[in-house]
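For reference, the structure discussed in these notes is given below.
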Amino acid sequence: QVQLVESGGGLVQAGGSLRLSCAASGRTFSTYVMGWFRQAPGKEREFVAAISWSGSSTYYADSVKGRFTISRDNAKNTMYLQMNSLKPEDTAVYCCAARVSGSSYYPYAASPPTYGMDYWGKGTLVTVSS
């Protein structure tokens, strides 16, 4: 069982920045593929970013590429999402997720709602005002 807890959400003006954190339980965090996903009111959950177990590979949705940066600290069992140049359309509940399966993972080929992830956090709300 893996428990994931997000933090760092809040209200920010357009153009501002936020840093989300995802703290994970378990002694094998360093073997998990991790990802960030978001869901805006009335919309389907969408992929935001993912990172390989080592951090050497990262993946981004086109809508956030160049503005968001995903990273992880395996020594702290924590993943991060640095969000810069925020836009009102980034407003959503952001959830982190873990894939514990050892098989290869290509997030662009994964489908909602689970996107091939095994465990999910409850999410943190990000609100961007115009």
Side-chain angles (χ1 to χ4, degrees):
Q1 188 77 6
V2 177
Q3 292 186 328
L4 304 171
V5 180
E6 302 92 340
S7 61
L11 174 63
V12 64
Q13 288 189 330
S17 298
L18 281 175
R19 188 194 195 202
L20 305 183
S21 298
C22 172
S25 65
R27 292 178 293 177
T28 56
F29 173 78
S30 60
T31 67
Y32 307 155
V33 170
M34 298 293 295
W36 287 99
F37 300 80
R38 68 187 182 186
Q39 187 165 18
K43 294 189 176 181
E44 192 173 47
R45 177 187 286 165
E46 64 174 356
F47 165 73
V48 175
I51 188 167
S52 63
W53 64 271
S54 66
S56 61
S57 297
T58 56
Y59 310 87
Y60 297 94
D62 287 343
S63 58
V64 307
K65 201 170 293 183
R67 301 187 297 122
F68 291 11
T69 302
I70 190 172
S71 63
R72 66 190 297 163
D73 185 338
N74 287 341
K76 295 183 179 180
N77 277 20
T78 303
M79 175 181 65
Y80 305 97
L81 185 69
Q82 178 66 45
M83 305 186 295
N84 298 329
S85 302
L86 283 161
K87 305 175 181 180
E89 51 263 44
D90 294 318
T91 295
V93 173
Y94 284 71
C95 294
C96 65
R99 176 179 170 87
V100 304
S101 165
S103 59
S104 59
Y105 181 65
Y106 189 60
Y108 305 122
S111 301
T114 64
Y115 289 94
M117 308 302 274
D118 300 308
Y119 295 96
W120 293 82
K122 293 183 178 180
T124 185
L125 177 62
V126 172
T127 304
V128 184
S129 63
S130 57

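A donor-acceptor contact shorter than 3.5 Å is absent between the side chain of Y119 and the backbone of V100. Remark: the backbone N or O of T69 is not paired with any side-chain donor or acceptor of Q82 at under 3.5 angstrom. Looking at R72, its side chain never comes within 3.5 Å of a backbone N or O of G55 through a donor-acceptor pair.
Within the structure, salt bridge (Lys or Arg N to Asp or Glu O under 4.0 Å) pairs that include any residue of residues 31-43 comprise R38-E46, R38-D90 (at least two apart or interchain). Residue pairs meeting the salt bridge (Lys or Arg N to Asp or Glu O under 4.0 Å) criterion with at least one partner in residues 111-123, sequence neighbours excluded, are absent. For residues 68-97, there are no ring-ring contact (aromatic ring centres under 6.0 Å, His included) pairs, not counting sequence neighbours.
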Pairs of donor and acceptor atoms involving the side chains of residues 28-35, under 3.5 Å and at least two apart or interchain, shall be tabulated with distances.
{"unit_1": "T28", "atom_1": "OG1", "unit_2": "Y32", "atom_2": "OH", "d": "2.9"}
{"unit_1": "T31", "atom_1": "OG1", "unit_2": "T28", "atom_2": "O", "d": "2.7"}

Can I get a per-line list of side-chain donor-acceptor pairs under 3.5 Å for residues 14-25, giving both atom names and the distance, sequence neighbours left out?
{"unit_1": "S17", "atom_1": "OG", "unit_2": "N84", "atom_2": "OD1", "d": "2.9"}
{"unit_1": "S25", "atom_1": "OG", "unit_2": "Q3", "atom_2": "N", "d": "2.8"}

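Classification of the Y59-Y106 ring pair by plane angle, with boundaries at 30° and 60°, yields perpendicular. Classified by interplanar angle (parallel below 30°, tilted 30° to 60°, perpendicular above 60°), the ring pair F47/Y108 is perpendicular.
Here the OG-CZ distance, from S85 to R67, works out to 7.0 Å after rounding to the nearest 0.5 Å.
Of all the heavy atoms in A49 and L81, the pair that sits closest is CB-CD1, 4.3 Å. Contact detail for M79 and I70: the closest heavy-atom pair is SD-CD1, 3.9 Å.
A search for ring pair (Phe, Tyr, Trp, His ring centres under 6.0 Å) contacts involving W53 returns nothing, not counting sequence neighbours.
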